[in-house]
S.K.: 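Pasting a structure here, questions to come.
In what follows, every chain begins at residue 1, and chains take the letters A, B, ... in the order their sequences are listed.
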Amino acid sequence: GAVVSQHPSWVICKSGTSVKIECRSLDFQATTMFWYRQFPKQSLMLMATSNEGSKATYEQGVEKDKFLINHASLTLSTLTVTSAHPEDSSFYICSAPREATGELFFGEGSRLTVL
Amino acid sequence: AQSVTQPDIHITVSEGASLELRCNYSYGATPYLFWYVQSPGQGLQLLLKYFSGDTLVQGIKGFEAEFKRSQSSFNLRKPSVHWSDAAEYFCALGGGYQKVTFGIGTKLQVIP
């Protein structure tokens, strides 16, 4: 079964609204989680590294004020797309490493459609 | 900087035929390499990984990959493709506490 879970799996929202996506590690604690986005017919691009108890680290070109990341606990990281616009429509995937083994697990992904 | 190249964007094979998906990487040290599969609208599933040791790695669903340091390659193979293997395949570099860099992906189409 899944060890990293994302919610919601898909969401449709109006332009200008904010959307929150959750990423949970189900049976292990993750001090670090990663957020990726995937445009249609393209690869996954790392957006940011989420760090429990501290600020996220964003990749170059990613607007930190638009993509708010909160890693409030050792099992939960959230990505909030603020004031979403149609160009934010994408597939967002999180991942978390299991510290004991270093293995990286991916969530199922969340498809965001902004109308 | 690390990078991953998947030269083939799209590959079509007949069911039962053999398959090889190419992956080349650029990394300054010993790489951690992965192959993931993504079905339409789904998340990523790990097929196999290479950290160290035996350069021929066995994965799930009958896939294997061979790490060749001299060629900076980590090609994915399967001796006999099934229709259910149709999906997109991503080669990736890094992992764990490292950032994962993905290739652009190879879309596999399987024809009867």
S.K.: Report yes or no: does A/Ser43 contribute a side-chain atom to a donor-acceptor pair with the main-chain N or O of B/Gly103 at less than 3.5 Å?
M.R.: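 Here the side-chain-to-backbone pair exists.
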S.K.: Nearest 0.5 Å please: distance from the CG atom of A/Leu104 over to the OH atom of B/Tyr36.
M.R.: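 A/Leu104 CG to B/Tyr36 OH: 5.0 Å, rounded to 0.5 Å.
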S.K.: Just wondering, are more than 12 heavy atoms of other shown residues or ligands nearer than 6.0 Å to NE2 in A/His7?
M.R.: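 Count not over threshold, so no.
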S.K.: Is A/Phe91 reachable from A/Phe67 through a run of I, L, V, M, F, W or Y residues, each pair having side-chain heavy atoms under 4.5 Å apart?
M.R.: no
S.K.: Given that the side chain runs from C-beta out, which part of B/Lys107 has a heavy atom under 4.5 Å from chain A: side chain, backbone, both or neither?
M.R.: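 It is neither, since no heavy atom gets under 4.5 Å.
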S.K.: Counting only non-hydrogen atoms closer than 4.5 Å, does A/Leu44 touch chain B with its backbone (N, CA, C, O), its side chain (CB onward), both, or neither?
M.R.: both
S.K.: Give the cluster check for A/Tyr58 versus A/Val81: same hydrophobic cluster or not, with ILVMFWY residues linked at side-chain heavy-atom distances below 4.5 Å.
M.R.: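 They do share one cluster, since a chain of ILVMFWY contacts under 4.5 Å joins A/Tyr58 to A/Val81.
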S.K.: Using the rule that two of Ile, Leu, Val, Met, Phe, Trp, Tyr join whenever any of their side-chain heavy atoms come within less than 4.5 Å, decide whether B/Ile60 and B/Val110 are in one cluster.
M.R.: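 They do share one cluster, since a chain of ILVMFWY contacts under 4.5 Å joins B/Ile60 to B/Val110.
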S.K.: Identify the residue among A/Phe105, A/Phe106, A/Tyr36 that makes a side chain to side chain contact (heavy atoms under 4.5 Å, CB included) with B/Leu44.
M.R.: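 Passing option: A/Phe106.
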S.K.: Side chain, backbone, both or neither: which part of A/Glu59 has a non-hydrogen atom closer than 4.5 Å to chain B?
M.R.: side chain
S.K.: Between A/Ile21 and A/Met33, is there shared hydrophobic-cluster membership here, with clusters defined by ILVMFWY side-chain heavy atoms closer than 4.5 Å?
M.R.: no
S.K.: Determine whether more than 12 heavy atoms belonging to other residues, nucleotides or ligands lie under 6.0 Å from atom NZ of A/Lys55.
M.R.: no
S.K.: At a 4.5 Å cut-off on heavy atoms, which part of B/Gln38 comes close to chain A: side chain, backbone, both, or neither?
M.R.: side chain
